[in-house]
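Contents: one structure, followed by commentary.
Only a predicted model underlies this, so the values are computations on that prediction, with no experimental measurement involved.
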Amino acid sequence: MAQTKLDKQIEEAAEAIAFGIGRFLAGRPMDGVKRTDATFWRSGTRVLPKVEGHVSRSSYRAGWKRLTFRISTLAALGTGGYQAGWVHQDATQEIWANPEPALAALEQPGIAAVSTAAVGTAAYLALTRKRRELMREWVLPLHEALALPLRLPEQTDPRRYLHIPRNFSEDDAVIRVDVPGRLDFSKDLVADIITTKLALEGVTFSWHLAGRETYLTVKKTRKPPAKAVFKDPKIREIVAAAKESAPVIGIGSAGRIVTVDLDAESPHILVNASTGGGKSVTLRCIACQMLHHGSLVFVLDTKRISHPWASGLPGVTYCRDIADIHDQLIALGLEGRRRTRVADALGIDADPKDIGPRILILLEEVNATMKQLARYWEKTRESGDPKVSPAVDALNEILYMGRQLRMHVLLVAQSATARALGGPEVREQFSTRILARYSVNAWRMLAPEVHPAPKSTKHPGRAQVVSGGSARETQILFFTEAEAREWATTGSSPAVPRAGLPGQAGPVPLHKEPADPLPALSVPGTAPDIEAPVAEPSPAPALEPDATPATSMVTPADVDDQAVGLREAAEHHLPGITLAALHFARANDPAFPDLVDKRGAAFLYRVGDLKRWARNRPRAATGTTDLD
């Protein structure tokens with residue numbers, strides 16, 4: 001028998017009722033259209049693709065919440081309807097019989113209800129005003145900017161994935177942004193948009209992309225202190241308690257101490273800053289702490305006047321002349337090779353201090369220094385010599401093997417390009433980098449792993465210490481020159497390798513030698529006369545206008561070993577320096593060479609020591625070299 005139209009309609013209605021009951025009990029939308037990614041147990045955060053039209057707030061609720069709401073509503077309606085039916089029947093008969101008492105009884109409650117509704121509405125508008133302003137001024141503009149990069153449907157409710165507190169600009173605020181799990185967006189672009197649209201500064205981004213819930217948290221970092229001075233008793237205690245291998249660099253956010261362990265974290269440090277960025281303050285902070293613990297410090301300073309506080313200190317070798325910088329780097333390279341052989345002989349269980357005292361090489365203005373070293377080598381090299389300066393090769397050797405040999409390079413540059421340092425592989429040896437007053441290009445070049453780049457600031461002493469893939473905003477510890485000298489000389493006594501004993505690395509207490517604080521860095525298998533040229537600074541008067549620089553003189557080695565008086569030195573060996581200037585320097589310059597002999601009433605000095613002192617005494621930087 002064929003199915004009639006009525007039977008077909010009854011069957012379709014029964015099917016619709018069955019599906020409706022199923023959707024009702026499952027907490028699904030009653031029209032059967034799934035508009036969000038909500039499930040029975042989890043609330044939705046975003047609209048599904050290809051969904052058009054308005055999406056109600058109930059579509060974001062979890063299924064169990066919808067089911068609870070539906071059952072509660074039906075129960076309330078059923079109970080209320082049952083009671084209201086009996087009451088309505090009795091009340092209707094009474095009202096129709098005598099309506100005036102009923103109207104009088106409803107007058108006052110009606111007025112109270114209207115007043116309560118008005119007051120409630122006004123209170124609600126007042127209490128939610130800031131929240132509505134937040135939505136209008138910040139959340140909706142951010143949603144409009146993020147919708148395209150995150151590929152969100154137009155119907156997405158921003159309140160479902162943008163969790164922005166009203167105090168989002170305060171230090172303790174946390175912003176959360178739920179992102180699509182497909183991860184087909186640019187994290188850098190999303191971070192830039194959030195930073196720009198919310199006008200944030202000094203924030204960190206944490207991406208949580210594993211599992212089902214994928215989101216981004218944005219936290220505002222607490223600023224470091226405005227000042228961090230060594231004269232503060234608390235700061236002084238922190239510095240005094242620091243490890244010998246981990247000098248304190250400064251104070252970071254939330255009062256955290258920022259240090260770099262030269263043995264465990266980073267053997268070398270790169271300081272990149274523009275003029276006025278505090279390079280000298282940073283180097284002074286680290287170097288004086290190293291001297292305090294007995295390290296040797298070699299200052300290679302073509303500017304000649306960058307670190308007057310270090311002049312004449314025990315354990316400090318100050319080289320200002322490019323020739324002496326060249327020779328000193330070669331001598332340090334030889335010392336590194338010697339330490340390699342000593343470490344191999346001592347074995348893996350030996351105390352690292354048996355290799356020798358810790359050495360810090362402070363290389364100022366590497367951009368200019370590398371150019372001058374190349375020009376110096378082009379001027380002095382002979383036929384058959386390599387084209388690359390051996391001083392540059394020695395520096396590269398130290399950079400590659402410094403951790404085990406207790407030799408560390410503290411390099412300073414205004415623009416630490418790969419070309420200036422000798423190649424990108426050389427720059428990679430500096431796993432710790434201190435950047436101050438940097439440009440966007442400098443940050444991308446030196447710290448590309450940290451994005452977005454924190455905004456550069458002109459706050460005095462403020463820098464970013466980049467290490468281990470993260471940047472720490474730091475207030476650099478400030479030592480005055482007097483404090484740096486005092487701290488450098490009140491710690492452990494500096495020590496130097498024994499001179500003239502190949503293969504022996506036992507340290508001896510440092511005392512001022514006639515020639516230099518690091519005499520004869522001897523290397524097994526080499527000539528015993530290989531020495532580390534040493535420079536000691538001095539406040540002696542500058543050269544006269546017609547003076548000929550001492551570095552332009554070519555004197556045989558036997559002449560440099562002669563012992564002469566100051567008068568003979570002024571007349572025959574130090575052109576341009578008067579006898580009065582030598583007498584003044586002997587009385588006032590702590591770096592003036594010690595006497596080696598005495599002839600009657602005259603003090604005798606080694607010619608080579610006097611020449612080295614003359615080349616490296618502090619003078620105003622001219623921006624050129626003796627080769628120009």
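With hydrogens and angles disregarded, no donor-acceptor distance shorter than 3.5 Å links the side chain of Thr302 to the backbone of Thr369. Proximity of a side-chain donor or acceptor of Asp324 to a complementary backbone N or O of Asp321 within less than 3.5 Å is not detected.
Here the straight-line distance linking atom CZ of Phe592 with atom CG of Asp609 works out to 10.0 Å at 0.5 Å rounding. Distance check, rounded to the nearest 0.5 Å: CG of Asp354 to CG of Leu346 gives 6.0 Å. The distance from atom CZ of Phe298 to atom CD1 of Ile361, rounded to the nearest 0.5 Å, is 7.5 Å. Annotation: the span from Lys243 atom NZ to Leu262 atom CG amounts to 10.0 Å, rounded to 0.5 Å. A distance of 12.0 Å separates NZ in Lys227 from CZ in Arg462, rounded to the nearest 0.5 Å.
Annotation: side chain of His326 is in contact with side chain of Trp377 (closest heavy-atom distance under 4.5 Å). With a 4.5 Å cut-off on side-chain heavy atoms, Met290 and Leu410 do not count as touching. Side chains of Leu313 and His307 form no contact here, defined as non-hydrogen atoms less than 4.5 Å apart. Residues Thr282 and Ile269 are not in side-chain contact: their nearest non-hydrogen atoms beyond the backbone lie 4.5 Å or more apart. The shortest side-chain heavy-atom distance between Pro460 and Phe478 does not fall under the 4.5 Å cut-off. Looking only at side-chain heavy atoms (C-beta outward), Leu399 and His268 come within less than 4.5 Å of each other. Under the 4.5 Å side-chain criterion, counting only non-hydrogen atoms from C-beta, Ile235 is in contact with Ile251. You'll find the side chain of Val466 stays beyond 4.5 Å of the side chain of Leu446, heavy atoms only.
Note on Arg341 versus Asp344: no salt bridge recorded, every NZ/NE/NH1/NH2 to OD/OE distance being 4.0 Å or above.
Considering Leu334, Val342, Thr340 as possible partners of Arg338, the one that fulfils the side-chain contact (heavy atoms from CB on, under 4.5 Å) test is Val342. Considering Ser431, Ser245, Ser266 in turn, Ser266 is the only one that fulfils the side-chain contact (heavy atoms from CB on, under 4.5 Å) rule with Val260.
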Worked verdict on Lys611 versus Leu574 for side-chain contact (heavy atoms from CB on, under 4.5 Å): CA-CA 7 Å; Lys611 289 181 178 179; Leu574 302 177; 4.2 Å; yes
Test salt bridge (Lys or Arg N to Asp or Glu O under 4.0 Å) applied to Arg358 and Asp263, step by step: CA-CA 11 Å; Arg358 193 181 298 276; Asp263 288 339; 3.0 Å; yes
From CA spacing to verdict: side-chain contact (heavy atoms from CB on, under 4.5 Å), Met370, Leu395: CA-CA 11 Å; Met370 287 299 185; Leu395 176 61; 3.2 Å; yes
Residue pair Ile325, Gln328: steps toward the side-chain contact (heavy atoms from CB on, under 4.5 Å) verdict: CA-CA 5 Å; Ile325 292 175; Gln328 187 66 79; 5.7 Å; no
Salt bridge (Lys or Arg N to Asp or Glu O under 4.0 Å) between Lys279 and Glu364, worked out: CA-CA 9 Å; Lys279 297 187 294 292; Glu364 272 279 0; over 6 Å; no
Check against side-chain contact (heavy atoms from CB on, under 4.5 Å), Asp594 and Tyr605: CA-CA 7 Å; Asp594 284 350; Tyr605 301 85; 6.0 Å; no
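Screening residues 479-490 for side-chain hydrogen bond (donor to acceptor under 3.5 Å, both in side chains) gives Arg236-Glu486, Thr480-Glu483 as the qualifying pairs, with residues at least two apart or on separate chains.
Residues meeting the side-chain contact (heavy atoms from CB on, under 4.5 Å) test with Cys285, sequence neighbours left out: Gln289, Leu477, Phe479. Scored by the salt bridge (charged side-chain N to carboxylate O under 4.0 Å, His left out) test, Asp188 finds no partners at all (sequence neighbours excluded).
Among all heavy-atom pairs drawn from Pro224 and Thr474, the shortest one is CG-N, 4.1 Å. Heavy atoms only, all atoms of each residue included: Met407 and Leu332 are closest at CE-O, 3.5 Å.
Within a 6.0 Å sphere centred on CZ of Arg444, heavy atoms belonging to other residues, nucleotides or ligands number 12 at most.
Under 3.5 Å, the side chains of His573 and Gln562 contain no donor-acceptor pair of N or O atoms.
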